[in-house]
Every structure is written in C-alpha cells, then in structure tokens.
Amino acid sequence: MEHSVCADLLLLSQRRAHATAAAAAVVVFTLSLIVFDSSALSLRSSSSSSSGLPSDGPSDGLCDLSRCWELYTSAQESLQIQDEYPASRLRPVLGGVEDVVVRCVAFRTFFLCLRNMSRRCLGDLSFHSAHKGVEKLMGSHNCSVWGRVYGGRGNGAAPSAGSNSSSLPPSVSSCSFPGSSSYEHCGVFGDPHLRTFSGSFVTCDLQGAWPLVDNEYLTVQVTSDRVGLGTAVKKVTVLVKRNDDCDVDRYVTYQATSADLPATFDDGQTVFGRSDSVSIQDDGRRATGHVRRMYIRYIDTTVVVRLHAGHFAVSLKMPSEIVNYTVKQDTNPLQLCVHSCPSRQRIDIRKVISFGDERRSWTTAAAAMTVEDAVSECRADRLLVDYYLDSCVFDLMTTGDSNSKSLSLYAYMDAVMLLPAIASKFDNRTTLCFSLGQRTVVVDYLLLLLLLLIIALVSERRRRRTCF
C-alpha cells in the first residue's frame, strides 16, 4: 500500500512539474510574440521603444542594435517613407519608383545590418525579435534580400561602393550581391554533356528547348537538335528578369544561334541598370572561338556562352545562396542544372565506349569513328581529364567531327576559369574508365577465376572418391 501511495505521489509531482514547465514555455512564447509584434510594427530607432532594445550601447564586443535602428530611421526619413503598415497606397517617389520598392530599400538595409551583427547577438532576444520582424515585413512586401540599400544621410537609396561601411557589411554596395563568396558551377557542351550544380556528370539525348536555370532573377535556356547519331546545342537564350531595385525596368534578353553570336543584347545595348547591373562583354574571336560573357551584378552570376564550329558550350557561375534558393523554390522541375535530365533521356556513355564497334545495340547506325581512333585523338595533347575525356571520345564516335575535342577542352577550361577550386575536385584521370581494352582484361580475369573454381571443384570431387 505504501509503495502504491508513493508511486501516486511521484506521478502527481511529475505531472505538476510538466504543467509548470509548459506554463513557463507559454509565458516565454507570449513575451517573445509581444516583443516580435512591437518590433515588426514600429521598426523605429528609440532607446525606450516597446521592443525592449537597450538604450545605452555597450562596448563593440557586445550586442548593440542602436546603429541598425538609427540607420533604418535615417532611411525612412531620407526616402520619405510614411510609417504606416500596410501602405494604404502606392505613391510615386524618387523619380517614379513605387513606394513598396522604396520600403524594400529600408527593410533590406535594416536586415543586412542585423545580419552583420548576428554573431555577437546570438543570445539576445531583442535581436531575434527584430530579425524575425523585418523578415516578416520583407516577405509581406515581397522584398528580395539582394538589391539596393541605404548608404547613410545624403546618399539616398543608391550609395556608392563602400559608403557608410561602419553601418553595413563592407561587401554591401549599390546593387552588389551581399552574400558569401561560395559559388557553384554548371555547364553544358557537346552531345550535350551536362555538369550539374551538385557536381554530377551526365550525357543527355535532348531535343528542343530545355532550361538550365529558371528562377526569379534569371533564365538560361538551351535548344538542341539532332546531329549525326546524337544531339548538340544549336541555340542559347538568356533572359534577365526585371529588377526594380537596380533599375532594370524590363526583361533583358539575349539570343545566339549556331550562325550568329551577338556581342550585344537583343536591343543592341551592352549594359543595363544602376552600376551596370547587367552587362555583356565581347571577348572577341580567339583561337578558342567566339565567347560572350554576361554578368548580373546583384546576384553575382556569370554566364559564359562559347560558340565553336557551330556548336555551343555554356557555363554558369552562381553563388551557393542563389543556387540553394533556386533549389528550394523549384519553380521549374525541368531545370537541367538542378535536376539533371530525365532518366529516360540519359545515355550511359561508358557502355557505348566499352562496346566499341558493337554499339549497334545502342543505335542502328554504325559508329562514325572507332573507339581506338577516338581515344587516340582525345589523348593527343593530354589536356582532357575525367568526364571531359570520356565526353570527347563519345562525341567523336557519334559525329566523327574533330571539333568535338576542342569543345570538350573549352568547356573544361571555362569551368576552371570561372571556379578555380573546381580543379581540386577532379581525379585528373587521363585514361578511360571503361575502354575496350579494360573490358577485355576484366573478362579475362573473370574467366580465369571461373577456371580456377572449376579446377578446385574437380580436385575436391576426386579427393572424396579416393577416401571412399
């Protein structure tokens, strides 16, 4: 009986403890919501505001949000932003820029300043409340993290690079990408061969138009046609989408075909927007063919379009944050740089190479070049490595065109030029993984193992007969 009573008392005390903890959690959550709502609705610099921000700024090593609030308040005053949420109407200011766009400048300035303080303010409730509040406001106004920021009194919404660097991260300037320096690469060339943002290589049997990337900032599309036994990229379309923050007030388009690689955008211009936010460079005709390089400053993205002997190689360098955002949004499931090509349209080039002239099992037509000749030509200068070498061999076998070798080499060079760190991820293999000779060696080795197994079984059978 005593044991039962003790057990009941223990259970009752545990329940009370859980209830107390739950009540405390509700109180803390309610208080955080109160602070969150006050900071989200007021968003003004005040040492005695209801957001609970400290009035006396501590030393530089501690969390001090006052300068971020002051910068936000200055942005409101300088940009003539009325303190009403939500805005009752869109009023034109700053030469026709809509009110919601101007608000985004102020919100973005405050957000980036807070992000610059995130390490020292990790345990500060006011910091997290203000951060969540401005995130909510940016979301409700559809504000992007990348774009114009306020650079201090007198500079308006388009500060020069480095202005007021004490208030904002040094990397933040007019229409410059404020993110990290981590980048990803995607490229397509040849038949076409694809390297995705994740680093995987695949060869696709594609015809028609396919997007490499399609997010809210940029669309890069390639169009492939049948060439010989395979396909090849014959047209490239780049679409830079409207960005009011950087005065790119309309879609900027660029189109190139196998017969024409323009040195300008479709309307004849070479730059757009504030601080040359969107630009194209003509690298001229070199030994490496025609090259056009497009740069979108506010997302720090480079697109290289190379035309050689009527075929294209396209390379993209994009910040990891933009890539992750593109993957998260996933507005287009056909993005080759994100999802690769559909499995039914992938070609295992190792099988084609391994079977050499027996590749009629893959297609009814004969190979344009034997595997031995293709390997010899692709390895002549020993510059091609890894999948770029395999791709060269495959393209020569399917087309017999020696320009395929050059395109594989240029694609490799563009990848290393855009992202030098990518070279460390290569195996620097200068031999094929699955060549006809290697296949013969493997088969011979398996036959030898089978022969040894048969000999062992026969010997064991004879030994048992001798014993009986």
Side-chain angles (χ1 to χ4, degrees), residues 95-97 101 144 146-148 158 161 173-177 183 185-189 192 208-225 232-286 288-319 322-323 326 331-332 335-337 410-411 414 417-418:
V97 181
V101 175
S144 170
W146 305 287
R148 281 186 292 170
S173 61
S174 175
C175 293
S176 293
F177 179 69
Y183 298 90
H185 169 265
C186 173
V188 63
F189 64 97
W210 291 78
L212 292 179
V213 171
D214 184 17
N215 56 35
E216 68 176 81
Y217 305 101
L218 174 71
T219 296
V220 180
Q221 178 178 280
V222 294
T223 303
S224 299
D225 292 327
V233 177
K234 289 292 187 178
K235 182 179 179 181
V236 178
T237 304
V238 179
L239 177 65
V240 181
K241 301 178 182 179
R242 174 173 175 169
N243 186 290
D244 290 328
D245 290 332
C246 293
D247 291 346
V248 181
D249 57 356
R250 58 189 176 83
Y251 281 20
V252 180
T253 58
Y254 176 85
Q255 298 184 76
T257 65
S258 56
D260 182 30
L261 185 69
T264 66
F265 293 106
D266 286 352
D267 64 353
Q269 297 190 58
T270 57
V271 293
F272 284 90
R274 191 185 303 276
S275 301
D276 295 344
S277 299
V278 180
S279 62
I280 183 172
Q281 296 179 359
D282 178 10
D283 288 356
R285 183 177 180 84
R286 303 177 178 177
T288 55
H290 292 279
V291 183
R292 302 292 182 261
R293 189 184 312 274
M294 280 157 275
Y295 181 61
I296 302 92
R297 181 179 300 278
Y298 48 86
I299 56 173
D300 197 14
T301 295
T302 302
V303 181
V304 176
V305 180
R306 185 184 297 273
L307 176 63
H308 180 75
H311 302 290
F312 283 101
V314 182
S315 290
L316 288 84
K317 173 188 174 184
M318 185 173 287
I322 302 291
V323 172
T326 303
T331 56
N332 190 335
Q335 298 179 84
L336 297 179
C337 287
Y410 300 152
D414 287 338
M417 177 193 64
L418 287 175

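Because only heavy atoms are used, hydrogens play no part in the values below, and waters and symmetry mates are left out as well, while side chains stay in.
The side chain to side chain contact (heavy atoms under 4.5 Å, CB included) search around Lys317 returns Tyr183, Thr302, Leu418, not counting sequence neighbours. With sequence neighbours excluded, no residue satisfies ring pair (Phe, Tyr, Trp, His ring centres under 6.0 Å) with Tyr254. With sequence neighbours left out, the ring pair (Phe, Tyr, Trp, His ring centres under 6.0 Å) criterion links Phe272 to Phe265. Residues satisfying the side chain to side chain contact (heavy atoms under 4.5 Å, CB included) test with Cys337, not counting sequence neighbours, are Cys186, Phe197, Leu212, Val213. Under the rule for a side chain to side chain contact (heavy atoms under 4.5 Å, CB included), the partners of Asp276 that lie at least two apart in sequence or sit in another chain are Val271.
Nearest heavy atom pair, residue Ser275 against residue Arg297, reads O-NE, 2.9 Å. Minimum interatomic distance between Thr219 and Lys241 (heavy atoms only, all atoms of both residues): OG1-CE, 3.2 Å. For Phe312 against Thr257, the heavy-atom pair with the smallest separation is CZ-O, 3.3 Å. The minimum heavy-atom distance linking Gly310 with Lys234 is given by the pair O-NZ, 3.3 Å. Closest approach of Ala263 to Thr270, counting heavy atoms only: O-CG2, 4.1 Å. For the pair Ala232 and His311, the tightest heavy-atom approach, listed with the atom from each and the gap, is CB-ND1, 3.5 Å.
In this structure, Tyr217 and Tyr298 have tilted ring planes: the angle between them lies in the 30° to 60° band.
Here CD of Glu216 is found 9.5 Å from CD1 of Ile299. Values are rounded to the nearest 0.5 Å. The CD atom of Gln335 sits 5.5 Å away from the CG atom of Asp214 when rounded to the nearest 0.5 Å. Expressed to the nearest 0.5 Å, how far OG1 of Thr253 lies from CG of Leu239 amounts to 7.0 Å. Remark: His290 NE2 to His308 NE2 distance equals 10.5 Å, nearest 0.5 Å. Rounding to the nearest 0.5 angstrom, the gap separating the SG atom in Cys246 from the CD1 atom in Ile296 is 11.5 Å.
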From CA spacing to verdict: side-chain contact (heavy atoms from CB on, under 4.5 Å), Leu218, Val238: CA-CA 8 Å; Leu218 174 71; Val238 179; 3.9 Å; yes

Intermediate values then yes/no, side-chain contact (heavy atoms from CB on, under 4.5 Å), Ile322 and Phe177: CA-CA 10 Å; Ile322 302 291; Phe177 179 69; 3.9 Å; yes

Lys235 and Gln255: CA distance, side-chain angles, deciding distance, side-chain contact (heavy atoms from CB on, under 4.5 Å) verdict: CA-CA 7 Å; Lys235 182 179 179 181; Gln255 298 184 76; 3.4 Å; yes

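In this structure, the side chains of Val278 and Met294 stay at 4.5 Å or more apart for every pair of heavy atoms. Counting heavy atoms from C-beta outward, Tyr295 and Asp300 have side chains that approach closer than 4.5 Å. A heavy-atom distance below 4.5 Å is not found between the side chains of Val188 and Leu336.
Screening residues 250-271 for salt bridge (Lys or Arg N to Asp or Glu O under 4.0 Å) gives Arg250-Asp267 as the qualifying pairs, with residues at least two apart or on separate chains.
A donor-acceptor pair under 3.5 Å links the side-chain atoms of Arg292 to the main chain of Leu261, judged by distance alone.
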